[in-house]
Amino acid sequence: MADPAVTIECAAPDGQVRRVRLSNPDRPVWPQAGLSKADLAAYLLAVDTALLRCVGDRPVTLQRFRGGVSGEEFYSKNPPKGCPAWIRTVECTYPSGRRHPQLVIEEIGAAVWAVQMGTVTFHPWPVRADDNDLVDEVRIDLDPQPGTGFAQAVEAALALRELMAELGLTAWAKTSGNRGVHVYSRIARTHEFLDVRHAVIGIARELERRLPDLVTTAWWKEERGARLFVDYNQANRDRTIASAYSPRPLPHAPVSMPLTWAQLPEADPAEFTVTTVPAIVAAEGDAWAEIDAPEHTGRIDAALGLWQADLERGLGELNFPPDFPKMPGEPPRVQPSKKNEANWEGEVKLAGRPGRPQRQ
């Protein structure tokens, strides 16, 4: 017999109360951790202000599961069927040029409703809903490769913080929820995705020059070795990272946890879970509470200067994700060990401005 449904009361922005139905509240989401759908909803309610600071007013892709995190996984970009009228949507343009609406999580009731629809992880775009072509957030994913781990990611993040400060950007760090570190910076809404991608590539290449034995911008795994991959492709349109405070679909129910720079070197990512994070936030506050302060909003001009300087050195475009259209100036989409030089003209030159959809 199915578990009875419960009604969750959630605060709404207008001071009213949303009543969100949660069916089968005892259904396991993280079976190994003994955590249910109701536990996930309770977690979101406990960290609502901190979570909404990171996902609010942004298009959000939902990472959903049938049967908990050990079941079928899929991503929802279109709003799930039955979306309540009070949950906002916004039209987004994708690299293919097609357009459709995505959810905007502006109140905690919308996140709880997403849990009812099987959502575990929230993936917000680095843009605001009122103009989702203009990027307001630099995101850099320090992704451990075999032979590296969280300690190496922390070392790279600390160096990246210094580099970003030199470029006029205030850096904020969070755990990925696994072994990596994500570094963010709020930026003025002056540039679209391609420019921000190029700024991130400029930063990544400079970090690689400073730490050649620790980090790499190599897209192909066979070229990375035991170095952290600075994932510049997270800066592309329709590429997202799990939000701060978002749960992750690993057996122990970890959370992508914002930390102060003082906390990061001593942190253990495994300690930040759906069970433990509410008490940490209640006792210590939100490490990203000031991320939206005007004095922490930078510009990417200096980072774009690094990109331009690399162009003048002969360094051009890097590989795009495989589902993107082939972009002008992009290197061949074949791993280096299998590349046939006879089918490639050799020198890659940047040609034009690849892949920016026309605004409508």
Does one hydrophobic cluster hold both [X] and [Y], with members joined at side-chain heavy-atom distances below 4.5 Å?
X      : Y      : answer
Val60  : Met117 : yes
Val17  : Leu52  : no
Leu211 : Leu169 : yes
Leu315 : Leu163 : no
Trp261 : Val154 : yes

Minimum-distance pair of heavy atoms, taken over all atoms of [X] and [Y]:
X      : Y      : value
Gln32  : Pro251 : OE1-CB, 3.5 Å
Asp39  : Gly34  : OD2-O, 3.8 Å
Leu158 : Pro265 : CD1-CG, 4.3 Å
Phe65  : Gly71  : CD2-O, 4.2 Å
Phe324 : Asn236 : CZ-CB, 3.6 Å

Give, for atom [atom1] of [X] and atom [atom2] of [Y], the distance between the pair rounded to the nearest 0.5 Å.
X      : Y      : atom1 : atom2 : result
Cys92  : Arg98  : SG    : CZ    : 10.5 Å
Arg333 : Phe320 : CZ    : CZ    : 8.0 Å
Glu155 : Thr148 : CD    : OG1   : 11.0 Å
Leu167 : Leu306 : CG    : CG    : 5.5 Å
Arg299 : Ile187 : CZ    : CD1   : 9.5 Å
Ile241 : Thr121 : CD1   : OG1   : 13.0 Å

Taking atom CD of Glu290 as the centre, does the number of heavy atoms from other residues, nucleotides or ligands within less than 6.0 Å exceed 12? no

Assess whether a salt bridge exists between [X] and [Y], defined as any Lys/Arg side-chain N lying under 4.0 Å from an Asp/Glu carboxylate O.
X      : Y      : answer
Glu9   : Arg18  : no
Arg128 : Glu106 : no
Arg189 : Asp133 : no
Asp57  : Arg88  : yes
Asp323 : Arg239 : yes
Arg179 : Asp143 : no
Arg58  : Asp131 : no
Arg205 : Glu208 : no

Under 6.0 Å between ring centres: does that hold for Trp288 and Tyr245?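 For Trp288 and Tyr245, the ring centres are not under 6.0 Å apart.
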
Strictly under 6.0 Å, is that where the ring centroids of His182 and Trp172 end up?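 No, ring centres 6.0 Å or more apart.
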
Indicate yes or no: at least one non-hydrogen side-chain atom of [X] is less than 4.5 angstrom from one of [Y].
X      : Y      : result
Tyr184 : Lys174 : yes
Trp113 : Ile8   : no
Gln145 : Leu228 : no
Thr7   : Val20  : no
Leu40  : Trp30  : yes
His296 : Ile291 : no
Arg64  : Pro80  : yes
Pro254 : Phe272 : no

Side chain of [X], backbone of [Y]: donor and acceptor closer than 3.5 Å?
X      : Y      : result
Thr273 : Thr275 : yes
Ser243 : Ser246 : no
Ser256 : Ala244 : no
Lys37  : Pro28  : no
Ser36  : Asp26  : no
Glu206 : Ile203 : no
Arg139 : Trp125 : yes
Asn132 : Glu91  : yes

Applying side chain to side chain contact (heavy atoms under 4.5 Å, CB included) between Leu51 and each of Val255, Ile108, Asp286, Val281, report the one that passes. Ile108

Residues Thr61, Gln102; criterion side-chain hydrogen bond (donor to acceptor under 3.5 Å, both in side chains); working and verdict: CA-CA 7 Å; Thr61 298; Gln102 287 206 207; 3.2 Å; yes

Verify the distance criterion only: is there a donor paired with an acceptor across the side chains of Lys221 and Gln335 at less than 3.5 Å? no

Would you tell me whether Gln63 and His123 have side-chain atoms, one donor and one acceptor, within less than 3.5 Å of each other? yes

Which pairs count as salt bridge (Lys or Arg N to Asp or Glu O under 4.0 Å) when at least one residue sits in residues 222-233, sequence neighbours excluded? none

Worked check of side-chain contact (heavy atoms from CB on, under 4.5 Å) between Asn178 and Leu250: CA-CA 8 Å; Asn178 195 2; Leu250 296 174; 3.9 Å; yes

Go through the steps for His198 and Glu317 under the test side-chain hydrogen bond (donor to acceptor under 3.5 Å, both in side chains), then give the verdict. CA-CA 8 Å; His198 288 162; Glu317 189 60 89; 2.9 Å; yes

Can you check side-chain hydrogen bond (donor to acceptor under 3.5 Å, both in side chains) on Thr93 and Arg99, steps first, answer last? CA-CA 5 Å; Thr93 302; Arg99 296 169 61 87; 2.4 Å; yes

Does the structure place the NZ or CZ of Arg197 under 6.0 Å from the centre of the six-membered ring of Tyr232, at an angle of no more than 45° from the ring's axis?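 No, cation not above the ring by the 6.0 Å, 45° rule.
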
Salt bridge (charged side-chain N to carboxylate O under 4.0 Å, His left out) between Glu166 and Arg210, worked out: CA-CA 14 Å; Glu166 294 171 18; Arg210 297 184 183 191; 2.8 Å; yes

